[in-house]
Amino acid sequence: MRWIGVCETMLMLLVLSACAGSTVPGGGGGNNNVAPTITTQPTSQTVTAPASATFSVTATGTPAPAYQWQEEAAGQNSFTNIAGATSSTYNTGATATAESGSKLQVVVSNAVGSQTSVAVTLTVNPAPSPSNITVLTYHNDNSRTGQNLNETTLTPANVASAQFGVLGTIVVDGPVDAEPLYVGGLTINGVSHNVVFAVTENDSVYAFDADSFGQLWQNQVLSGTGESPSDPRDCSQVEPTIGITSTPVIDLNAGPHGTIFVVAMSKDSGGNYHQRLHALDITTGSDLMTATEIQASGFAPGQYEERSALLLLNGVIYLAWTSHCDNSPYNAWVMGYGESSLQQVSAINLTPDGGGGGIWMAGDGLAADSSGNIYFLDGNGTFDTTLENGFPNEGDYGNGFIKLSTTNNTLGVADYFEMFDTVNQSNNDRDLGSGGVLLLPDMTDSGGVTRHLAIGAGKADANTGNVMLYVANRDNMGKFNPNNDNAIYQELSAALQGGQGIWAAPAYFNGTLYYGAVNDNLRAFAITQAMVASSASSTSPETYGYPGATPSISANGSTNPPTNGIVWAIESSGTLNAYNATNLGNELFSAGFPANAATKFITPMIANGKVYVGTGAASGNPGTVVVFGLSNQGAGLVRKQRPPRDRRRSLPQLKTPHPGSSTPGL
């Protein structure tokens with residue numbers, strides 16, 4: 001009996017020893033092996049061909065698990081291993097529509113056991129056909145109307161549905177202050193793409209496929225120069241760096257494939273500042289010629305910023321300049337450069353005997369008519385109240401509504417309008433220059449006369465607090481009368497509300513003017529017989545904090561009148577709103593988007609069924625272009641929460657009078 005007990009004991013020890021080295025699923029043992037457990041399952045993906053899709057899984061286990069992705073092709077009934085797909089993340093590479101409907105799963109395994117993930121679906125939508133849509137300049141045209149009349153995809157019905165929302169986010173290397181531009185059906189490397197262009201404050205120019213969001217090229221225009229984007233110049237309005245702020249302009253007929261023109265600011269190792277005009281091939285991003293240094297007698301590049309969108313007019317690129325946060329000294333400069341040579345052909349200083357008059361216009365561009373005249377609003381600065389033949393005797397036009405002639409490539413003031421108390425308004429930093437300009441299409445008045453009109457508004461009046469809306473007759477703008485403003489075509493003192501003013505640009509569509517003042521609703525004004533209504537025909541449900549709203553319009557203009565008009569506007573807190581153009585009270589869509597940081601100048605661009613919105617960059621987050629559109633699978637729409645008041649941007653502080661100028665207040 002004793003011998004049997006010894007044998008039983010020895011047998012038990014052998015069994016325990018064997019068990020200690022076993023790999024029973026879920027077993028413990030001395031080496032603590034644990035079978036895999038999937039903690040985050042892969043999710044289905046929807047892409048537009050040829051964009052790639054990325055699937056991922058998260059799992060735990062000891063030893064560390066291995067991965068094998070498997071695919072079940074559309075129409076098949078079994079999964080097969082995908083060669084080389086052996087990590088926790090699987091990227092499909094370029095996709096084709098034939099792959100749509102295929103399923104994927106991943107087997108996660110180690111020496112203890114294995115687990116198979118849920119099966120998910122890959123949906124591949126066909127790439128949109130190459131379009132003939134183009135957005136080549138700020139707000140769509142040289143009149144700066146903001147209307148795209150070739151939008152046949154987006155309608156009030158589908159924008160209001162659950163099928164509309166954020167489709168994706170394009171990541172770039174800095175804040176995007178300029179409006180994106182668009183060229184449909186552009187051939188790059190032998191493939192036709194719809195292309196969206198974006199520029200950043202890191203001095204980069206990008207081209208992306210507008211549908212798959214894949215990068216086609218990038219030119220960081222300072223590469224190899226030893227220079228960097230400018231510091232913010234003691235001004236918080238464009239930060240953390242200043243690179244390319246203004247919206248570029250594209251000429252499809254310039255260069256071998258088309259050219260995009262941009263102005264970039266930089267700083268060299270010696271602390272010197274530079275402003276340069278670049279001409280890049282739109283299919284490669286390569287410089288087509290040596291960039292031109294912006295120079296003029298009395299023009300110090302470090303003192304200026306090119307905020308206003310570039311204007312292409314009769315083969316000349318026109319630039320307009322302002323200061324950094326009213327930091328003197330500076331003047332009101334407009335310059336013209338030949339697009340074929342990038343050489344300066346004209347320049348004018350609108351405050352040559354004084355100072356100020358910066359051309360801000362909230363990112364809006366100089367506007368131009370068919371006769372080659374340029375229109376803009378300039379900021380507070382020197383104005384000569386002594387006139388010669390109706391014009392300031394020293395040539396100083398601060399705080400004015402200006403018309404420039406470009407005859408014989410020579411810039412000269414052809415006409416202007418100044419408020420009767422413009423000196424007082426400038427002294428109180430209440431100027432026109434904070435707002436943008438718009439040229440209305442030709443209109444017939446009640447007497448049968450064809451009128452050529454321009455629209456502008458700026459900060460609230462220093463005396464009354466009213467936000468004045470000015471309608472100027474481009475054939476006779478009114479000049480200056482120290483007693484009253486009776487010579488202006490229309491002066492509307494109660495149309496815009498909010499008590500602060502305009503830091504944005506208006507838009508026009510189908511006989512209606514749209515304006516978004518600070519702390520005011522977005523407002524629509526009917527235009528009848530060449531007269532703008534004194535009160536709004538409709539208003540948005542929201543009020544817009546600083547800087548107000550610059551609306552853009554999409555519509556199908558192939559019908560008469562155009563149909564499916566939609567007004568798009570951005571709240572600086574990071575919200576895109578859409579309204580029925582016939583009634584702003586009918587809000588179609590409103591949703592927040594990942595803005596990273598607010599931008600002051602960004603304007604929504606609509607092309608070929610999508611809306612493109614630039615964002616800022618802050619706290620380590622990159623700048624982006626957020627893309628909205630329709631999705632067959634839904635776009636993950638999240639209706640916005642109203643931003644609290646403390647998230648809304650505050651108004652800039654009014655400046656104290658600046659000594660040494662005939663009209664201080666710079």
Side-chain angles (χ1 to χ4, degrees), residues 174-175 177-178 199-205 220-248 261-278 290-310 317-337 342-344 347-363 366 378-382 398 433 600-601 617 652-653 655 658-661 665-666:
D177 282 311
V199 296
T200 76
E201 297 291 357
N202 196 44
D203 278 321
S204 280
V205 185
Q220 211 279 345
V221 299
L222 302 181
S223 296
T225 66
E227 298 178 11
S228 61
S230 169
D231 59 272
R233 302 297 287 135
D234 298 320
C235 179
S236 62
Q237 293 182 354
V238 178
E239 56 182 2
T241 60
I242 303 174
I244 302 172
T245 303
S246 59
T247 301
F261 298 90
V262 302
V263 171
M265 185 175 184
S266 62
K267 184 179 183 180
D268 64 29
S269 58
N272 302 304
Y273 294 91
H274 302 269
Q275 303 277 1
R276 295 188 183 93
L277 175 63
H278 293 257
T290 302
T292 293
E293 290 269 358
I294 306 300
Q295 297 176 330
S297 178
F299 179 87
Q303 288 297 106
Y304 290 89
E305 187 171 4
E306 222 285 347
R307 291 191 181 187
S308 300
L310 277 60
I317 308 294
Y318 289 97
L319 317 177
W321 300 92
T322 192
S323 66
H324 308 279
C325 284
D326 278 334
N327 295 335
S328 296
Y330 69 95
N331 298 92
W333 284 96
V334 177
M335 302 175 185
Y337 288 80
L342 296 190
Q343 297 305 301
Q344 189 178 102
I348 187 171
N349 179 352
L350 278 301
T351 54
D353 195 49
I359 302 167
W360 312 83
M361 296 210 301
L366 302 171
D378 66 3
N380 53 303
T382 306
K600 180 178 179 180
F601 313 107
Q653 296 299 307
K655 303 298 180 181
H658 180 268
S661 170
L666 305 184

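Hydrogens, waters and symmetry mates play no part in the numbers below; they use all other heavy atoms, side chains included. FYI, the numbering just counts along the sequence from 1. This structure is a prediction, so every number in the text was calculated from the model and none was measured.
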Exactly one candidate in Trp333, Tyr330, Phe299, Trp360 meets ring pair (Phe, Tyr, Trp, His ring centres under 6.0 Å) with Trp321; the answer is Phe299
Side chain to side chain contact (heavy atoms under 4.5 Å, CB included) against Ser230, all qualifying residues, sequence neighbours excluded: Arg233, Ile242, Met265, Tyr273
Determine yes or no for a side-chain-to-main-chain donor-acceptor pair under 3.5 angstrom, with Glu201 supplying the side chain and Glu239 the backbone. no
Of all heavy-atom pairs between Ala178 and Pro248, which one has the smallest distance, and what is that distance? CB-CD, 4.2 Å
Do you know which two heavy atoms are closest between Val262 and Ile244, and how far apart they sit? CG2-CD1, 4.2 Å
Non-hydrogen side-chain atoms of Glu305 and Gln237 separated by less than 4.5 Å: no
With sequence neighbours left out, what residues match Glu306 under salt bridge (charged side-chain N to carboxylate O under 4.0 Å, His left out)? none
Give me the atom names and distance for the closest heavy-atom approach of Thr351 to Gly356. OG1-O, 3.0 Å
I'd like to check the side chain to side chain donor-acceptor pair (under 3.5 Å) partners of Ser266; sequence neighbours left out, ordered by chain and number. Glu227, Arg276
I'd like to check Leu342 versus Phe261 (side-chain heavy atoms, cut-off strictly below 4.5 Å). Are they in contact? yes
Run the side chain to side chain contact (heavy atoms under 4.5 Å, CB included) test against Gln295 and tell me which residues pass, sequence neighbours left out. Glu293
Shortest non-hydrogen contact from Thr382 toward Gly354: OG1-CA, 3.3 Å
Using atom types as modelled and distance alone, determine if a side-chain donor or acceptor of Asn380 lies under 3.5 Å from a backbone N or O of Gly398. no
Measure across Pro240 and Pro232 and return the closest heavy-atom pair with its distance rounded to 0.1 Å. O-CD, 3.2 Å
For Gln344, what residues pass the side chain to side chain contact (heavy atoms under 4.5 Å, CB included) criterion, not counting sequence neighbours? Met335, Tyr337, Ala347
Kindly indicate whether the side chain of Leu310, heavy atoms from C-beta on, has any atom under 4.5 Å from the side chain of Leu319. yes
What one should report as the nearest heavy-atom pair of Asp378 and Ala332 is OD2-CB, 4.5 Å
Heavy-atom distance under 4.5 Å between the side chains of Asp234 and His324, does that happen here? no
Spacing of Asp353 atom CG and Asn331 atom CG [to the nearest 0.5 Å]: 10.0 Å
Is Gln275 reaching over with its side chain to a backbone N or O of Tyr304, donor-acceptor style, under 3.5 angstrom? yes
Might you work through the side-chain contact (heavy atoms from CB on, under 4.5 Å) test for Thr292 and Thr290, ending with a clear yes or no? CA-CA 6 Å; Thr292 293; Thr290 302; over 6 Å; no
Hey, is the main chain of Gly270 close enough, under 3.5 Å, to the side chain of Asp268 for a donor-acceptor pair? yes
CD1/Ile294 to NE2/His274 distance, rounded to the nearest 0.5 angstrom? 12.5 Å
Residue set satisfying salt bridge (charged side-chain N to carboxylate O under 4.0 Å, His left out) with Asp231, at least two apart, ordered chain then number -> Lys267
